[in-house]
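Read through the structure below, which is laid out as structure tokens, and then see the notes.
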Amino acid sequence: MRLAVYPGSFDPVTNGHIDTLQKTSKIFDKIIVAVVHNITKEALFTLDERVNLLKESTRHLENIEVECFNGLLADYLVEKRACAIIRGLRTVTDFDYEMHMALMNKKLLPNVDTIFVMSDTNYIFVSSSAIKEAALMGGDVSSLVPPVVDASLKEKLAQMQDIR
Ligand code: PNS
């Protein structure tokens, strides 16, 4: 079975991530979306929230599972017997960071390759951080994220307004 892992922070999942999954789900038998549990990086959504938002947003794709992982990605790939890592590429700015990560993972795990998927032109400017910044300032991001994420961002904004 050709199993690939799509790792990331997914804080939160965007339509760019979903586009990458739609494309790669046709290539691999199964994809595990692996949400990183990174205690050093502050996230807007909890790990459980990020996993649930991904599960809701990928319901239409049959061969996708969502899990979380911590520690070294290479160890997780061995545990899952994955043959590939999936990463999305938007612009050349992404490339430098992605190339270093891909080379490090290749060094750690020579049998696993990183497969880069070019972003759809509609989502080239879409990042989780830009989405959070715009949404938490009241911007309309509904065309850039799954509906469940749009609703959750609005909830977060309302909670922040209640606290102030
Ligand atoms: O969505 P992100 O934050 O760009 O994803 C980065 C991620 C989670 C893929 C990367 O930080 C990662 O693989 N973290 C696990 C730790 C690890 O294996 N580091 C060595 C690889 S360079």
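Values below: all heavy atoms of this structure, side chains included; hydrogens, waters and symmetry mates excluded. Not measured: the values here are computed from a predicted model. Read the numbers this way: they start at 1 and go in the same order the structure lists the ligands and their atoms. All residue numbers refer to positions in the sequence shown, counting from 1.
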With a heavy-atom distance limit of 4.0 Å, tell me whether Phe10 approaches ligand 1 through its side chain, its backbone, both, or neither.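 No part of Phe10 comes within reach of ligand 1.
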Could you see which bit of Asn105 sits under 4.0 Å from ligand 1, with heavy atoms only: side chain, backbone, both or neither?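 Answer for Asn105: side chain.
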Under 4.5 Å between any side-chain heavy atoms of Ile131 and Val126, yes or no? yes
Asp11 side-chain N/O to Ser128 backbone N/O, donor-acceptor pair under 3.5 Å: no
Donor-acceptor pair, distance only, cut-off 3.5 Å: does the side chain of Asp29 make one with the backbone of Arg2?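 Here the side-chain-to-backbone pair exists.
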Just how far is it from atom CG of Asn63 to atom NZ of Lys26, taken to the nearest 0.5 Å?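 Between atom CG of Asn63 and atom NZ of Lys26 there are 11.0 Å.
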List the atom of Pro12, the atom of His17, and the distance in Å for their closest heavy-atom pair. O-CE1, 3.9 Å
Return a yes/no value for Leu73: is any of its N or O atoms, backbone included, closer than 3.5 angstrom to an N or O of ligand 1?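 Such a contact does occur with ligand 1.
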So, are Glu65 and Lys80 salt-bridged, with charged N and O less than 4.0 Å apart? no
May I ask you to check whether Asp48 and Thr46 show a side-chain donor-acceptor distance below 3.5 Å?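 Short answer, no.
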Protein residue, atom and distance nearest to atom 10 (C) of ligand 1, heavy-atom basis: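 Checked against all protein heavy atoms, atom 10 (C) of ligand 1 sits closest to Met101 SD, 3.8 Å.
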Return the residue, atom name and 0.1 Å-rounded distance of the protein heavy atom closest to atom 20 (C) of ligand 1.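 Going atom by atom, the protein heavy atom closest to atom 20 (C) of ligand 1 ends up being Leu72 CD1, 4.1 Å.
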Can you check atom 12 (C) of ligand 1: any protein non-hydrogen atom closer than 4.0 Å? no
Element-labelled atoms of ligand 1 that are located less than 4.0 Å from some non-hydrogen atom of Tyr97: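 Counting from 1, the qualifying ligand atoms are 4 (O), 6 (C).
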Name the option, out of [options], that contains the heavy atom nearest to [atom].
atom	options	value
atom 5 (O) of ligand 1	His100, Arg87, Lys41	Arg87
atom 1 (O) of ligand 1	Ser9, Ser129, Ala43	Ser9
atom 15 (C) of ligand 1	Gly71, Pro7, Ala74, Ser128	Gly71

